[in-house]
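To start, the structure itself, in C-alpha cells.
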Amino acid sequence: MHNKITCIPYKDFMDEFLPEVQPPRPLPEGPTKTVVSSIKSRLRLRNKAAARSAASVPKAEPPLPPSPFKGMRAATTEKDMYTKITEALNAAGPCPGFRFVPTPHKGDHSADTKQAVDCGMYPTEAAKKLKIEESDTFGRTAWSWVEIAIECKMNAVNDDPFDEDLEGDEPNAETRRHVLGQILSYAEYVFNHQQRMFQYMLLFLGDCARIVRIDRAGIFATKKFSYKKLYGGRIAQFLQRYAALSPTGRGHDPTAVRLDRKSDDAKMMLARVRDVDDDDYAAALFKKQLREDWPWWKLEVADELTGQTQRYLVGKPHFQAPGVAGRATRGYVALEADPEEGQEARFVYLKDSWRVEGAVLQELGQHAIRFVPTLVCHGDILGQQTRTQEECALKTHRHYRLVVAEVGKPLEEFSNGRELVEAFLCSHSQAYQHDIIHRDISAGNMLLYKRPGDSAWTGLLNDWELSKHVEQREEGGRQPDRTGTWQFLSVNALNDHTKPIVIQDELESFLHVLLYICIRFLHHNLDDKSVPHFMRDYFDDFTPNVTGYHCGARKDKVITSGTLDLSGYNKKAKECLHFLWPSKPGDSPPSQMHPAYYSLARPVQQSEVPREPTADGADPLELNPAIAWIVADEAQTGKRDATNSDNRLSPSPTEAPKEDTRHMSREELQQLAANLDTHQPMVQLLLKALLRMRWPESDRRSADLRPKNWKAKVGQVRVGKSVKAPKNSTKEAKGSKTPNKGTKALSRSKVPTGSKRSSQTAGNAEAGPSTKRRKH
C-alpha cells in the first residue's frame with residue numbers, strides 16, 4: 001500500500017462514501033466513485049482538506065446520534081476493550097440485523113493460519129452458523145461472514161497504523177508499520193473469502209478511533225478522533241448509514257450469489273463430481289475445491305462476444321494472488337450453471353481479476369494460434385473500475401471475468417524430461433508469428449493440457465494480459481513499474497525497468513523457466529543440499545542500485561558469461577552444471593548415471609547425433625501428435641533449413657564450446673546473436689533434442705529439491721523506504737526477523753508491488769516462488 005493511503009476529515013469521508021441515506025438505486029452504468037477509490041479521488045480529497053486547513057475554515061459537523069460509549073467504563077487492557085466496545089455497540093443497536101462479536105483468540109478453520117481479528121460485525125442470521133451463542137464471551141473469526149473487521153489497540157499513538165504528520169500518511173515507526181500490516185492482512189482475508197469490491201474497518205486506538213475504507217486501489221481513513229469524550233456519535237452515524245445500505249453499497253459484488261448448500265445449484269455441483277473418473281483432471285480439481293468450510297458461489301460473466309450473461313458455479317479458488325492492492329487475480333475450476341438442454345454441464349476455467357486480457361485471446365483464436373487457451377466468454381463487470389488521473393501514467397483497471405475452455409495442470413507435474421521439453425516446444429513462436437509478444441513468460445504461465453481424445457499432454461501458454469503487438473512497444477519504456485515475473489525476467493529487463501520487453505528477453509525467460517523446473521525435478525551434478533541456495537541466488541536475489549533493485553549477481557554472471565559455474569555449491573572446483581539421467585528407468589544414485597545429453601549452462605557446437613528409436617522401437621513422432629504438427633509446420637514454412645545455416649546452432653548435448661565468445665569479433669558476435677531475432681532457432685534446438693535422442697521414461701525425481709518452507713540462513717538487505725526489493729519464498733530480508741502476521745502482509749505491499757503467480761488455469765496454484773510484479 002505504499003503511496004496508496006489517504007487520511008481525510010470525517011465529514012469528507014462520509015460525504016464521499018456514505019452520504020445521507022437515500023432509497024436504494026440500481027448500480028449506474030460506467031464507473032462509480034463508490035466502487036473503487038482512485039488516485040484522482042485521493043488527491044482531490046487530500047487537497048480539499050489541506051485547503052480548508054490553510055484557510056482555517058471550521059468544519060461543519062453534521063448532527064450526530066447519541067454516542068454508544070457514553071457511560072462506558074475505561075478499559076484497562078486490550079482484552080478489556082474487546083468486551084466493553086462490543087457490548088456497548090450491541091446495547092446501542094445502531095445496526096439492525098447485525099451483531100458485534102469479540103473474536104481475538106479463535107482463528108477461522110478455513111484459513112491457512114489461525115489469525116484472528118479482535119472483533120467483528122456479523123449478520124445476525126449468521127450467528128447460528130458461526131456457533132456464536134449468547135453465552136459465549138469470545139467467538140471464532142469467520143472471514144467469509146464478517147461485515148466489518150474491528151481492531152483494538154491501547155496506545156493511540158504508537159499503535160496507530162497511519163501517521164498524518166508524514167507525507168502519504170504512511171508510518172515509519174516499526175510498531176505502527178506492524179499494525180498497518182495487521183489490518184492489511186485482515187483485509188486480505190476478507191477479500192479472499194468473500195466477493196467484495198471494497199470493505200470497511202473500525203480501529204479503536206486507546207480513547208481515539210478511525211474509520212477505514214479499503215479497496216484494490218488503496219486506503220481511505222478518517223483522521224483520528226476521540227470516540228469516548230467527544231465524537232462517539234460518529235461511530236454510531238457511520239454504522240447506521242452502513243446498515244441502511246444495500247449489500248452492493250456495503251461492498252458486496254452484485255454479480256456473485258452465495259449458494260446455500262441445500263440449493264439446486266449446490267446439489268448440481270455435488271452430483272457432477274459424485275463419480276469422478278481418474279483421468280478427468282478438471283472434475284477432480286473441482287471436487288477438491290468444494291470445501292465445506294468455504295463459501296460456494298454463482299458468478300456472472302457478461303459476455304462481450306454475444307451480449308449474453310453466462311453463469312458459472314465455483315467453490316474455493318484454485319489460485320488466489322496474495323495482497324490487497326492490484327489486480328487481485330483469482331482462478332476457479334468452474335461448472336456451467338446453465339448447460340444446453342440434454343448436455344452435461346462442462347468444466348471450464350474462470351479468472352476473476354482487475355485487469356484486461358480477453359481481447360488478446362479473442363485475437364489469438366481468430367488467427368487459429370495453437371497451444372493457447374480457447375476463449376469461451378469474457379467481459380467487464382458493470383460499474384466496477386478504477387478511475388485514474390488523466391495526467392497519471394497508470395492504467396485504468398476494471399473488474400473483469402474471463403472463461404476459457406481448457407483446465408490445465410502445473411508444468412512441474414510433468415512425467416518425464418521428454419514431456420517437459422515437448423511442453424516448451426509447444427509454447428514457442430506461435431503467437432510471435434502474428435506479431436504478438438507475451439511479455440510475461442514464467443513457470444506459472446506455462447501449463448500442461450491434454451486435449452479430449454489425446455493420449456499425450458501438450459504445452460499451453462496462458463496469462464496473455466501483458467501481451468502486446470510488436471509494433472506497440474514503446475521506445476521509452478512502458479508503465480512506471482517493471483512488467484513481468486521477477487524470477488524469470490531477463491537480465492536486461494531487471495537492470496532497466498524502463499526497457500521494453502522484446503523477443504530476446506522472452507527467449508531468455510524461457511531458459512530461466514526451463515532451468516527452474518529442471519533443477520528441482522531432474523537429476524544433475526549439483527549437490528542436492530545446495531539446490532535451495534542456488535535457487536535463491538539465481539532466481540530470487542537482487543542487487544541494490546540507486547535506480548531500484550537490479551538483477552542478482554549469479555543470474556547476471558551466468559547469462560553474460562554463458563557458463564553456469566557451480567563453484568561455491570559443489571566441492572569440485574570449476575565444475576559446470578550438467579543434467580544427468582538414469583542408465584535404467586528408476587536408477588537415481590549419481591554413480592549410476594551417465595552425463596547429460598544437454599547442458600543448460602553454456603552454448604555448444606553442432607555435432608551429429610544419430611537418431612535412435614525409443615525403447616519400444618516406436619518412431620518419436622508417434623508419441624505426441626502436437627510435435628508432429630510442429631514438424632510439419634516447420635517444413636511447410638521452410639524456416640527449418642534457413643535457421644540451420646549457422647553451425648553454432650543446434651548444439652551437441654555432449655561437447656563444450658571450442659571458442660569463447662570473449663574472443664570473437666564483433667561481426668561473429670552479431671551473427672551468433674542473430675539467432676535470437678526469432679523463436680525458430682530455439683524451436684530447432686528443442687526439435688533436435690526430441691527427434692534425435694533416446695529419452696528414458698523415468699528420468700524425473702520423486703521429490704522436489706526445493707523445500708516448500710525453506711528459508712536461507714543468510715538473507716538480503718532490509719528493504720528501505722525509497723527502494724523496494726522483490727519478495728520471494730526462499731529468503732527474508734537481511735537483518736529482519738521472520739515476518740509475523742502483521743509484517744508479512746505489509747511486506748507484500750512494499751516489494752516490487754503485487755504478486756505474480758499464474759492465474760489462468762488450474763495448474764497455477766503453486767507453480768513457482770512467490771514472485772513479484774509491479775502493479776499498475
Exercise. So, for Lys4 and Ala325, which heavy atoms are closest and what is the spacing to 0.1 Å?
Worked result: NZ-CB, 3.9 Å

Problem set entry | Nearest atoms (heavy-atom pairs only) where Leu448 meets Pro410 | CD1-O, 3.8 Å

Exercise. When you measure from the side chain of Arg216 to the backbone N and O of Val324, does any donor-acceptor pair fall under 3.5 Å?
Worked result: yes

For this session: Flag yes if more than 12 heavy atoms outside Lys557 fall under 6.0 Å of its NZ atom; otherwise flag no.
Result: no

For this session: First locate atom OG of Ser530, then atom CZ of Arg536, and finally report the distance between them rounded to the nearest 0.5 Å.
Result: 10.5 Å

Exercise. Can you find a pair of side-chain heavy atoms, one from Phe510 and one from Met446, that are under 4.5 Å apart?
Worked result: yes

For this session: Have a look at Tyr538 and tell me which of Lys555, Gln487, His512 forms a side chain to side chain donor-acceptor pair (under 3.5 Å) with it.
Result: His512

For this session: Hey, could you give me the OG/CD1 distance between Ser509 and Ile501, rounded to the nearest 0.5 Å?
Result: 7.0 Å

Exercise. Can you check whether Cys551's main-chain N or O pairs, donor with acceptor, with Asn495's side chain at less than 3.5 Å?
Worked result: yes

Exercise. Which atom names give the shortest non-hydrogen contact between Trp486 and Asp540, and what distance separates them?
Worked result: NE1-O, 3.8 Å

Problem set entry | Side-chain heavy atoms of Ile503 within contact of Leu676, under 4.5 Å | no

Exercise. Are Arg700 and Phe521 in a cation-pi contact, defined as NZ or CZ under 6.0 Å from the six-membered ring centre and within 45° of the axis?
Worked result: yes

Seminar exercise, completed: Of all heavy-atom pairs linking Val531 and His524, the shortest is CG2-CE1, 3.8 Å

Exercise. Is the closest basic N to carboxylate O distance between Lys499 and Asp505 below 4.0 Å?
Worked result: yes

Problem set entry | Chi angles and distances behind the side-chain contact (heavy atoms from CB on, under 4.5 Å) call for Leu402, Leu350 | CA-CA 6 Å; Leu402 172 144; Leu350 186 151; over 6 Å; no

Problem set entry | Side-chain (Glu413) to main-chain (Lys409) donor-acceptor, under 3.5 angstrom | no

For this session: Give a yes or no on whether the backbone of His550 and the side-chain of Asn545 come within a donor-acceptor separation of less than 3.5 Å.
Result: no

Problem set entry | Criterion side-chain contact (heavy atoms from CB on, under 4.5 Å) on Leu460 and Glu406, from CA distance to verdict | CA-CA 9 Å; Leu460 189 75; Glu406 295 82 2; 4.0 Å; yes

For this session: Report the C-alpha separation of Val558 and Leu515 in whole Å, then their side-chain angles, then the decisive distance to 0.1 Å, and conclude whether the side-chain contact (heavy atoms from CB on, under 4.5 Å) test is met.
Result: CA-CA 12 Å; Val558 169; Leu515 177 60; 6.0 Å; no

Exercise. Is Glu506 salt-bridged to Arg439, cutoff N-O under 4.0 Å?
Worked result: no

For this session: Answer yes or no: is there an ion pair linking Lys351 with Asp463, defined by an N-O contact shorter than 4.0 Å?
Result: yes

Exercise. Are the side chain of Asn462 and the backbone N or O of Pro373 linked by a donor-acceptor pair below 3.5 Å?
Worked result: no

Exercise. Taking C-beta and beyond as the side chain, do Leu420 and Trp457 meet within less than 4.5 Å on heavy atoms?
Worked result: no

For this session: Drop me the distance from Ile441's CD1 to Leu511's CG, to the nearest 0.5 angstrom.
Result: 12.5 Å

For this session: Please answer whether the main-chain N or O of Ala321 pairs with a side-chain N or O of Thr329 as donor and acceptor at a distance below 3.5 Å.
Result: no

Exercise. Are the side chains of Tyr400 and Asp352 in touch, meaning some heavy atoms are under 4.5 Å apart?
Worked result: no

Exercise. How many angstroms lie between CG in Leu705 and CZ in Phe534, if you round to the nearest 0.5 Å?
Worked result: 12.0 Å

For this session: Examine Arg330 relative to Phe319 and say whether NZ or CZ is less than 6.0 Å from the centre of the six-membered ring and inside a 45° cone about the ring axis.
Result: no

Problem set entry | Side chain Trp695, main chain Ala689, donor-acceptor under 3.5 Å | yes

For this session: Examine distances only and state if a side-chain atom of Glu508 and a backbone atom of Val491 form a donor-acceptor pair shorter than 3.5 Å.
Result: yes

Exercise. Under 4.5 Å between any side-chain heavy atoms of Pro707 and Pro532, yes or no?
Worked result: yes

For this session: Taking all heavy atoms of Thr547 and all of His497, pick out the closest pair and write down the distance.
Result: O-CE1, 3.8 Å

Problem set entry | Side chain to side chain, Tyr549 and Pro544, heavy atoms closer than 4.5 Å | yes

Problem set entry | Minimum heavy-atom distance between Cys576 and Thr563, given as atom pair plus value | SG-CG2, 3.4 Å

For this session: Would you check, one step at a time, whether the test side-chain contact (heavy atoms from CB on, under 4.5 Å) holds for Val407 with Tyr449?
Result: CA-CA 7 Å; Val407 178; Tyr449 173 68; 5.8 Å; no

Problem set entry | Atom CD of Glu667 with >12 non-hydrogen neighbours under 6.0 angstrom | no

For this session: Can you spot which of Phe488, Trp464, Phe371 makes a ring-ring contact (aromatic ring centres under 6.0 Å, His included) with His438?
Result: Trp464

For this session: State, yes or no, whether a side-chain contact exists between Tyr569 and Asp537 at a heavy-atom distance under 4.5 Å.
Result: yes

For this session: With side-chain hydrogen bond (donor to acceptor under 3.5 Å, both in side chains) as the test, would you mind laying out the steps for Asn492 and Ser490 before giving the verdict?
Result: CA-CA 5 Å; Asn492 283 338; Ser490 69; 5.6 Å; no

Problem set entry | Non-hydrogen side-chain atoms of Leu687 and Leu425 separated by less than 4.5 Å | yes

Exercise. Is there a donor-acceptor contact under 3.5 Å from the side chain of Thr374 to the main chain of Val404?
Worked result: no

For this session: Among Arg701, Arg520, Arg706, find the residue that satisfies the salt bridge (charged side-chain N to carboxylate O under 4.0 Å, His left out) test when tested with Asp528.
Result: Arg701

Exercise. Do side-chain atoms of Asn525 reach the backbone of His578 as a donor and acceptor pair under 3.5 angstrom?
Worked result: yes

